[in-house]
Protein chains: 2
Amino acid sequence: MTTNASPPAKSQRHSRVDVVEAALAILDEYGLPDLTMRRLASTLAVQPSALYWHFENKQTLLAAVSDRIVSGARVIDHGTSDWASAVRLEAEALRDALLSFRDGAEVVLSSQALGLGAGEALTRLTAALHRGDFDERVERAAAGAFLHFLLGHVSHEQQRIQADSLGVVTARHEAKPSDVESRSRQERDSFDFGVALLIAGLAVQSDALR
Amino acid sequence: MTTNASPPAKSQRHSRVDVVEAALAILDEYGLPDLTMRRLASTLAVQPSALYWHFENKQTLLAAVSDRIVSGARVIDHGTSDWASAVRLEAEALRDALLSFRDGAEVVLSSQALGLGAGEALTRLTAALHRGDFDERVERAAAGAFLHFLLGHVSHEQQRIQADSLGVVTARHEAKPSDVESRSRQERDSFDFGVALLIAGLAVQSDALR
DNA sequence: ACCTGAACACCGTTCAAGT
DNA sequence: ACCTGAACACCGTTCAAGT
């Protein structure tokens with residue numbers, strides 16, 4: 001993904017957004033392990049210590065990066081759709097947003113594992129679920145379940161993308177070459193299947209209550 | 001959890017198991033961020049470089065730690081039970097195993113995010129699901145969904161345990177004190193609910209096919 | 001408001017050499 | 001078979017001081 005930033009305007013002072021933008025660029029091009037404060041600083045032609053004027057620490061920075069990734073998810077118009085389609089569409093939009101940056105899911109996953117990022121993702125899933133008017137506790141638990149599945153699945157997908165691109169020989173039980181395209185179709189199917197399981201389960205739950 | 005190791009037998013040479021044991025002890029007492037190679041080495045009264053005779057690198061070590069945590073899950077007798085109870089019991093046993101070590105879920109999550117640990121967890125869930133004789137692709141996708149939900153939920157639980165113990169003020173929307181006990185009941189309920197959603201969804205799926 | 005310079009207290013990993 | 005010693009190439013973070 002090309003972060004359409006206005007050109008850094010050589011040797012200017014920086015803002016929070018500049019820093020996040022540069023972090024996203026490093027992330028997408030070199031991956032999470034290479035996203036260090038020192039490297040980020042040198043990208044911005046600044047001392048590492050300068051970053052701590054903008055962010056309290058690296059965790060906070062990564063939370064901001066997570067928010068940026070999630071906020072890139074396309075907006076879904078829920079005007080006419082039932083809760084099930086709404087949730088499915090949100091899940092797919094969020095998956096695409098995570099996939100659009102290298103290691104995107106892992107960044108968001110680890111931020112949210114620390115209780116920081118991913119707030120917007122939960123909000124969006126919750127809003128979609130809200131169209132189903134479930135009990136509030138059910139709604140919360142369901143949103144969490146969708147989010148956990150989502151982050152786990154996509155981060156697994158991206159790990160395999162990474163392994164593939166490095167030519168790692170996992171030597172699975174495959175007979176056919178299993179090219180990249182059919183692989184990615186399988187991933188998508190398996191993702192949609194998981195989402196469908198959760199939706200079907202929720203539907204049973206709501207039927208039981210009426 | 002008290003790892004019932006035979007006492008280190010002062011200033012003996014070490015084996016892989018010793019190293020993993022010591023790692024588990026550090027993990028449980030001080031948490032994942034404090035589980036460094038250098039600290040582990042000094043716990044074993046050994047130079048950091050010595051660890052690299054036992055393990056290729058830190059990732060490999062952490063994968064072994066993950067395996068140990070998961071293998072602590074109690075064995076379920078599936079003799080009489082249907083697939084749904086089998087899966088539910090497995091999920092609960094795995095959750096308990098993860099909860100029995102500080103940061104247990106996060107260790108396993110990050111190992112499996114790198115494609116290393118958690119193999120046994122997948123195997124156990126798959127075996128339980130196998131009693132339902134689903135299509136093979138369905139079985140695989142479902143096992144993955146359960147695992148993702150499981151790891152995500154428990155690591156979230158443990159993050160909150162951590163935050164609570166540090167007295168972090170998250171200032172949620174609570175009216176009541178919400179003591180530790182009721183909190184942990186809620187967590188368990190929300191976990192069981194997620195598992196139930198997935199099971200119900202699968203049941204619908206299997207009904208549709210017969 | 002934003003950054004420099006310099007330092008502190010660490011990391012994971014490699015490798016020749018020892019016993 | 002298992003470990004030492006010493007080094008390499010890094011980390012995140014703090015803080016006084018500069019403009």
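Keep in mind the model is a prediction, meaning the values are calculated, not measured.
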For the pair made of CG in A:L32 and P in D:dC11, what is the distance, rounded to whole Å? 13 Å

Could you check which nucleotide pairs with D:dG18 in any of the strands shown, counting Watson-Crick or G-U wobble with both distances under 3.5 Å? C:dC2

Would you say the ring centers of B:H156 and A:H148 fall short of 6.0 Å from each other? yes

Per A:N57 side chain, nearest of listed nucleotides D:dT13, D:dC15, D:dC3: D:dT13

Between D:dT4 (P) and B:Y52 (OH): distance, integer Å: 14 Å

Identify, between A:E56 and B:H54, the residue whose nearest nucleotide on DNA chain D lies closer to the 5' end. B:H54

Between D:dC3, C:dG12, D:dG5, which one does the side chain of B:W53 approach most closely? D:dC3

Is it the case that the side chain of B:D103 and the backbone of B:G31 share a donor-acceptor pair, with hydrogens and angles ignored and the cut-off at 3.5 Å? no

Please classify the nucleic acid contact of A:S15 as base, sugar-phosphate, or nothing, using heavy-atom distances under 4.0 Å. nothing

Could you check how far CZ of B:R13 sits from C1' of D:dA1, rounded to whole Å? 6 Å

5'-most contact on DNA chain D (nearest-nucleotide basis), B:R38 vs A:D34, goes to B:R38

Atom CD of B:Q47 to atom P of C:dC11: distance rounded to whole Å? 14 Å

For B:S190, the option from B:H153, B:R185, B:E157 that meets side-chain hydrogen bond (donor to acceptor under 3.5 Å, both in side chains): B:H153

Figure out the CG/P separation between B:L44 and D:dC3, and round it to whole Å. 8 Å

Test item: B:R131 side-chain N/O and B:S81 main-chain N/O as donor-acceptor pair under 3.5 Å: yes

Distance, rounded to the nearest Å, where B:R16 contributes CZ and D:dC2 contributes P: 11 Å

By the Watson-Crick or G-U definition, both distances under 3.5 Å, D:dA9 is matched with none

Quantified in whole Å, what is the C1' atom distance between nucleotide C:dC11 and nucleotide D:dC8? 12 Å

Gap between atoms CE and C1', on A:M37 and C:dC3 respectively (whole Å): 14 Å

If you pin B:T36 and A:L51 to their nearest nucleotides in DNA chain C, which one's is more 5'? A:L51

Any donor-acceptor N/O pair, B:Q158 side chain to B:F101 backbone, under 3.5 Å: yes

Let me know the distance between CD of A:Q59 and C1' of D:dC11, rounded to the nearest Å. 15 Å

